[in-house]
Student: 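Below is the structure I would like to discuss, written out as structure tokens.
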2 protein chains.
Amino acid sequence: MKLGTRGRYAVMALVDLAYYGQGKPLALTEIAQRQSLPLSYLEQLFLKLRQKGFVASTRGHLGGYTLAREAEAIRISEILEAIGEPLETTRCDKSSATGCLRTNAKCLTHALWAGLGAQMQQYLDGISLADVCERRII
Amino acid sequence: MKLGTRGRYAVMALVDLAYYGQGKPLALTEIAQRQSLPLSYLEQLFLKLRQKGFVASTRGHLGGYTLAREAEAIRISEILEAIGEPLETTRCDKSSATGCLRTNAKCLTHALWAGLGAQMQQYLDGISLADVCERRII
DNA sequence: TTCATACTTGACTAAATTAGTCGGGAATTC
DNA sequence: GAATTCCCGACTAATTTAGTCAAGTATGAA
Ligand code: FES
Ligand code: FES
């Protein structure tokens, strides 16, 4: 049950962007340096973040990325989902009614894992980028 | 952020043991069949669970495993930790004061991940094997 | 114009982790 | 003594992760 670098770096970079980029485009090289993250990896991540509408890009000299939405309106849970770091606690297919294995009843532990997932989702739903920047965590 | 099979199978098997084994030893083959889990993998997991004091074993014919502690007294969080499925949300070393990278300050997102970890820990601390068996989840 | 900067994109890869398997052994009961 | 069941370590195949690399496009400044 560990958080990978995809989700972690994406959030770190977006927090950095919200924190240091005051409306002006911020180059990835700058973010990468400040957060000690590999630049080419970040490029990959920001490609997806742009496609999903979290950031907007400006090319060329003095270009960079800006937040496409208000920092108050971006929840951490959204970022993780967009970047491909889902909260997978249950093993069964959510869409189908069938549970862990074959049987169409849920396994004994289903409710437990579903509860854990809901707990995490709720927590990350309740925190915005702005909250992290201004250190309003719990 | 996904739950692996180690933790998942360990909990499934222990729940099965608490649910179907009424004090009497339950063979792993039976548990494995009922829960559709690979037997040899389960053996590996139960070796650790026995060493950590969660179950006791009886060898030979009609042997098997029994819970070494009351189902009410075994918390899910303990199982996950024992089996080697820790809740790793932060990246920094807990023991040392230094944060994500070199700097001895914590990174901007540290509190966020720590909060998430605490949330999960608290949830799993609050649920016992017995709770799962009797479907007392949330 | 020309150059430097910075985003864009897809393909590729090395390392780590996971999810097991396999084989032989030891204890216990019938 | 035969069947059953736990015991244990070593080994491996597959997957995932965490990146790298290379080539291209757009923009602004000198
Ligand atoms: S996790 Fe959903 S049925 Fe087992
Ligand atoms: S996660 Fe602890 S300092 Fe970054």
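Naming convention: chains lettered A, B, ... in sequence-line order (proteins, then strands); numbering from 1 in each chain. Quick note: numbers below take in every heavy atom, side chains included, and nothing from hydrogens, waters or symmetry partners.
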Student: Is there a residue in residues 56-63 of chain B whose heavy atoms reach under 4.0 Å of DNA chain C, and which residues are they?
Tutor: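 Hits under 4.0 Å, by residue number: Arg59(B), Gly60(B), His61(B), Leu62(B).
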
Student: Which atom names give the shortest non-hydrogen contact between Leu124(B) and Leu80(B), and what distance separates them?
Tutor: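 Reported closest heavy-atom pair: CD1-CD1, 3.7 Å.
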
Student: In whole angstroms, how far is the P atom of dG28(D) from the NZ atom of Lys24(A)?
Tutor: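 Lys24(A) atom NZ is separated from dG28(D) atom P by 13 Å.
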
Student: Round to a whole Å and report the spacing from CG of Leu39(B) to C1' of dT4(D).
Tutor: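 Atom-to-atom, Leu39(B) to dT4(D), this comes out as 12 Å.
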
Student: Restricting to pairs with a member in residues 126-138 of chain B, which pass side chain to side chain donor-acceptor pair (under 3.5 Å), not counting sequence neighbours?
Tutor: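 Only Ser128(B)-Asp131(B), Asp131(B)-Arg136(B), Glu134(B)-Arg136(B) qualify under side chain to side chain donor-acceptor pair (under 3.5 Å).
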
Student: Could you tell me which residues satisfy side-chain hydrogen bond (donor to acceptor under 3.5 Å, both in side chains) with Gln44(B), sequence neighbours excluded, listed by chain and number?
Tutor: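 Not a single residue meets the side-chain hydrogen bond (donor to acceptor under 3.5 Å, both in side chains) criterion with Gln44(B).
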
Student: Quick one: which residue pairs count as a salt bridge (Lys or Arg N to Asp or Glu O under 4.0 Å) with a foot in residues 110-121 of chain A, not counting sequence neighbours?
Tutor: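 Listed by first then second residue: nothing to list.
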
Student: So, taking the atom named CD1 in Ile83(B) and the one named CG in Leu49(B), what distance separates them when rounded to the nearest 0.5 Å?
Tutor: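 Taking CD1 in Ile83(B) and CG in Leu49(B), the distance rounds to 4.0 Å.
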
Student: Starting at NZ of Lys2(B) and ending at C1' of dT16(D), how long is that distance when rounded to a whole Å?
Tutor: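 That distance rounds to 7 Å.
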
Student: Using a cut-off of strictly less than 4.0 Å between a heavy atom of the residue and any atom of DNA chain D, enumerate the qualifying residues of residues 44-55 of chain B by number.
Tutor: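 Those residues are Gln44(B), Leu47(B), Arg50(B).
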
Student: How long is the gap from CD1 on Ile31(A) to CG on Leu42(A), to the nearest 0.5 Å?
Tutor: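 Spacing of CD1 (Ile31(A)) from CG (Leu42(A)) equals 7.0 Å.
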
Student: Let me know the distance between CG of Leu26(B) and C1' of dC6(D), rounded to the nearest Å.
Tutor: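 That distance rounds to 14 Å.
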
Student: Find the distance Arg91(B):CZ to dA18(D):P and express it as a whole number of Å.
Tutor: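 In whole Å, dA18(D) P and Arg91(B) CZ are 10 Å from each other.
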
Student: Can you pull out every salt bridge (Lys or Arg N to Asp or Glu O under 4.0 Å) where at least one residue sits in residues 43-65 of chain A? Sequence neighbours excluded, please.
Tutor: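 Qualifying pairs, neighbours excluded: none.
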
Student: Would you find more than 12 non-hydrogen atoms of other residues, nucleotides or ligands less than 6.0 Å from Glu81(A) atom CD?
Tutor: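 No, not enclosed.
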
Student: Between C1' on dT4(D) and OH on Tyr65(B), what's the gap in Å once rounded to a whole number?
Tutor: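 Result: 13 Å.
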
Student: For residues 1-14 of chain B, which side-chain donor-acceptor pairs fall under 3.5 Å, sequence neighbours excluded?
Tutor:
residue	atom	partner	partner atom	Å
Thr5(B)	OG1	Tyr41(B)	OH	3.1
Arg6(B)	NH2	Gly84(B)	O	3.1
Arg8(B)	NH1	Leu3(B)	O	3.3
Arg8(B)	NH2	Thr89(A)	O	2.1
Tyr9(B)	OH	Arg91(A)	NH1	3.1

Student: Ala111(A): what forms a side chain to side chain contact (heavy atoms under 4.5 Å, CB included) with it, not counting sequence neighbours?
Tutor: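 Only Ile137(B) meet the side chain to side chain contact (heavy atoms under 4.5 Å, CB included) criterion with Ala111(A).
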
Student: Reckon Thr5(B) touches a base, only the sugar-phosphate, or nothing at all at heavy-atom distances under 4.0 Å?
Tutor: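 The answer is sugar-phosphate, as Thr5(B) gets under 4.0 Å only of primed atoms, P, OP1 or OP2.
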
Student: Need two values: the first and the last nucleotide of DNA chain C, 5' to 3', having an atom under 4.0 Å from any heavy-atom of chain A.
Tutor: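 Under 4.0 Å from chain A, the extent on DNA chain C is dT5(C) to dA11(C).
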
Student: Where along residues 77-86 of chain B does a heavy atom fall under 4.0 Å from DNA chain C?
Tutor: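 Correct list: empty, so none.
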
Student: Would you mind writing out the side-chain donor-acceptor pairs for residues 60-78 of chain A within the sub-3.5 Å range, not counting sequence neighbours?
Tutor:
residue	atom	partner	partner atom	Å
Arg69(A)	NH2	Ala73(A)	O	3.0
Arg69(A)	NH2	Glu78(A)	OE1	3.1
Arg69(A)	NH2	Glu78(A)	OE2	3.1
Ser77(A)	OG	Asp125(A)	OD1	2.5
Glu78(A)	OE1	Arg75(A)	N	2.8

Student: Rounded to the Å, how far apart are Tyr41(B) OH and dC7(D) C1'?
Tutor: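 Going from OH in Tyr41(B) over to C1' in dC7(D) covers 18 Å.
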
Student: Can you name the residues that form a side chain to side chain contact (heavy atoms under 4.5 Å, CB included) with Glu30(B), not counting sequence neighbours?
Tutor: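 Once residues adjacent in sequence are excluded, the partners of Glu30(B) under the side chain to side chain contact (heavy atoms under 4.5 Å, CB included) criterion are Leu26(B), Arg34(B).
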
Student: Would you say Gln22(A)'s side chain and Tyr19(A)'s backbone share a donor-acceptor pair under 3.5 angstrom?
Tutor: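 Yes; judged by distance alone, with no hydrogens or angles, the pair exists.
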
